[in-house]
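Below is one structure, written out as structure tokens; comments come after it.
Quick note: residue numbers are just sequence positions, from 1. What you are looking at is a predicted structure, and each value in this text was computed from that prediction instead of being measured.
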Amino acid sequence: MSRVTWSLNRGRPAIEIELVVPGSPFVEKRLLLADTGAGRNAAPFEMLLDEEDCLTSASRSAGLVRLAGAYSGEFRSYFVEVRLPRLDYSAVTTVVGIPRPPLGFDGIAAFKFLNRFRYGNFGQPEQFGLEPLAGPTD
């Protein structure tokens, strides 16, 4: 499987995901800030999304999560099916609902999610990309 790249958004790394709407054939495309500084690999979440997207796309609640940093306090978390069709990736992901995503984005892909892939600009300064860990080496 080859890598997938996206153009920077407002000069920041971005990825596009699809959220599966339970019980529906529809998916919602969302643009996320790719932020390796958001959370740790042991964090209880992989993404932060607008609370409204969580309510629309969640299969069920995953409880409360306490965050510190740009988003501080207790927030609800949810199980949401997330897809990256161009990478043939689909997984139920733990997502935290936040009131206001970063300007120009629908949410944040945190380190725990990004760490499932090899990521970077792959020599293209105006791009950000992901590729499966078992993919080709540079």
Side-chain angles (χ1 to χ4, degrees):
M1 179 70 47
S2 63
R3 70 178 56 127
V4 175
T5 60
W6 296 269
S7 295
L8 299 181
N9 182 24
R10 298 175 180 250
R12 300 171 83 184
I15 65 169
E16 186 178 276
I17 63 165
E18 291 181 352
L19 302 175
V20 176
V21 178
S24 167
F26 300 108
V27 295
E28 300 284 338
K29 291 185 179 189
R30 296 292 180 260
L31 186 67
L32 305 185
L33 171 64
D35 187 354
T36 59
R40 301 172 293 137
N41 206 38
F45 63 91
E46 296 186 55
M47 294 180 181
L48 297 101
L49 293 175
D50 188 292
E51 180 76 18
E52 294 299 319
D53 282 336
C54 291
L55 294 173
T56 301
S57 303
S59 58
R60 67 186 191 280
S61 175
L64 293 174
V65 172
R66 178 168 292 283
L67 301 178
Y71 298 95
S72 294
E74 281 194 338
F75 297 86
R76 292 208 177 278
S77 64
Y78 305 88
F79 295 111
V80 174
E81 185 178 348
V82 172
R83 293 181 184 165
L84 292 162
R86 292 168 50 203
L87 287 174
D88 197 28
Y89 175 87
S90 179
V92 174
T93 304
T94 307
V95 175
V96 174
I98 55 174
R100 289 173 310 282
L103 184 64
F105 294 93
D106 300 306
I108 300 170
F111 178 67
K112 186 174 183 175
F113 180 79
L114 297 171
N115 203 34
R116 292 175 178 255
F117 306 92
R118 185 174 313 165
Y119 56 84
N121 69 10
F122 302 111
Q124 300 175 40
E126 296 300 317
Q127 302 279 309
F128 181 81
L130 299 176
E131 70 181 10
L133 288 175
T137 58
D138 291 330

Query raised in the report: Taking the six-membered ring of Phe122, is the NZ or CZ of Arg3 close enough (under 6.0 Å from the centre) and on axis enough (within 45°)?
Result: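 Yes, Arg3 lies over the aromatic ring of Phe122.
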
Report task. Output, in order, the C-alpha distance, side-chain angles, deciding distance and verdict of side chain to side chain contact (heavy atoms under 4.5 Å, CB included) for Phe117 and Asn115. Result -> CA-CA 5 Å; Phe117 306 92; Asn115 203 34; over 6 Å; no

Query raised in the report: Just checking, is any N or O donor in the side chain of Glu81 or Ser90 under 3.5 Å from an acceptor N or O on the other one?
Result: yes

Does any part of the side chain of [Y], heavy atoms only, come nearer than 4.5 Å to the side chain of [X], both counted from C-beta?
X	Y	answer
Asp50	Asp106	no
Phe79	Ser59	yes
Leu49	Leu19	yes
Arg10	Leu103	yes

Please name the pair of heavy atoms, one in [X] and one in [Y], separated by the smallest distance, quoted to 0.1 Å.
X	Y	answer
Cys54	Val95	SG-CG1, 3.7 Å
Ala58	Val80	CA-CG2, 3.9 Å
Tyr78	Ser61	CD2-CA, 4.2 Å

Query raised in the report: If you measure from the Lys or Arg side-chain nitrogens to the Asp or Glu carboxylate oxygens, is any gap between Glu46 and Arg116 under 4.0 Å?
Result: yes

Query raised in the report: Under 3.5 Å, side chain of Tyr89 to main-chain N/O of Val82, donor-acceptor pair present?
Result: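 No: the side chain of Tyr89 does not pair with the backbone of Val82.
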
Query - Whether Asn9 side chain and Gly104 backbone form a donor-acceptor pair below 3.5 Å - result: yes

Requested in this report: Determine, using the 4.5 Å side-chain heavy-atom cutoff (strictly less than), whether Leu55 and Leu32 are members of one ILVMFWY cluster.
Outcome: yes

